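It should be emphasised that the depicted structure is a prediction, and the values quoted were computed from it without experimental measurement. Note that ligands are numbered from 1 as they come in the structure, with each ligand's atoms numbered from 1 the same way.
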Amino acid sequence: MSLKDKVAVITGAASGIGEHCARTFASQGAAVVIADLNLANAGKVANSIVAAGGKALAVAMDVTNEEAVNAGIDEAAKVFGGIDVLVSNAGIQIISPVDEFPFADWKKMLAIHLDGAFLTTKAALKHMYGSGKGGSIVYMGSVHSHEASKLKAAYVTAKHGLLGLARVVAKEGGPRGVRANVVCPGFVRTPLVDKQIPEQAKALGISEADVVKNVMLKDTVDGEFTSLDDVANTVAFLAGFGSAALTGQSVLVTHGWSMH
Ligand code: NAD
């Protein structure tokens, strides 16, 4: 199976990893749905993909809002004739020590990462099961699906949770032709990470250079950031894989930081 002529909904695709996945999928012949809270940026990404000869649609979607998710996925299916792939990628980061973590921030984190993954999965499955063609779901996990770091209780909890969701979807979806996998990147230079460097420097009382060298990349084999291409190519590989030999898996793309 390749991504050619497949319809892929990618959440959080107006920026960073999601945007790069959308461009990679489009270059491999998929019609991509750029689903994001930020409709203006989603529109810009979709327009530039279309200008380059690809197929793309921008859809306003807050992944924590059930009606918005259902409406966005249904619109995508109507415009492109179905849903073959979901990349559940939208995410944010809020850091704090556990004993000071504001409950509202905890709930916001779990809502975006876990409610968002659940709601988009449920809405996409309706079309994947309904068409009888099945499909493929890729969750954007993290090295923090397998490892823990200080200050990231909500993020680590949510990213571990995605492994559970993917495994259940893999089991339930298997007989109906739906695969589910998790891609787990190490640090990638996106707006999400750029925001964290000064925040962590302040919280840990160290310089920004030390955050990069001694916190973020400390456990990699080569001190390198993971690239957008590394992540998008892995997502495309899993999304387009031709059988259920690869389902319920998580693939770490971390320069050796984690080796599960
Ligand atoms: P980013 O900030 O560049 O992009 C995130 C996108 O998600 C933005 O366009 C934002 O508008 C959108 N978004 C936020 N809340 C949303 C909501 N409620 N509904 C819909 N869209 C929403 O971030 P990124 O670094 O590209 O991160 C994307 C995903 O990759 C996240 O799940 C993140 O946890 C994961 N990840 C990132 C890294 C990294 O180092 N950047 C590493 C591992 C995993």
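For ligand 1, the protein residues within 4.0 angstrom (heavy atoms only) are G12, A14, S15, G16, I17, D36, L37, M61, D62, V63, N89, A90, G91, I92, I112, H113, M140, G141, S142, Y155, K159, P185, G186, F187, V188, T190, P191, L192, V193.
Residues V59 and L57 meet the side-chain proximity criterion, which asks for heavy atoms closer than 4.5 Å. Counting heavy atoms from C-beta outward, I49 and E19 have side chains that stay 4.5 Å or more apart.
Residue A232 comes nearest to H20 through the heavy atom pair CB-CD2, 3.7 Å, listed as atom of the first residue, atom of the second, then distance.
Because its NZ or CZ atom is not both nearer than 6.0 Å to the ring centre of Y129 and within 45° of the ring axis, K126 does not count as a cation-pi partner of that residue.
Partners of R167 by salt bridge (Lys or Arg N to Asp or Glu O under 4.0 Å), not counting sequence neighbours: none found.
Exactly one of N89, I137, T11 qualifies for a side-chain contact (heavy atoms from CB on, under 4.5 Å) with T120. That residue is T11.
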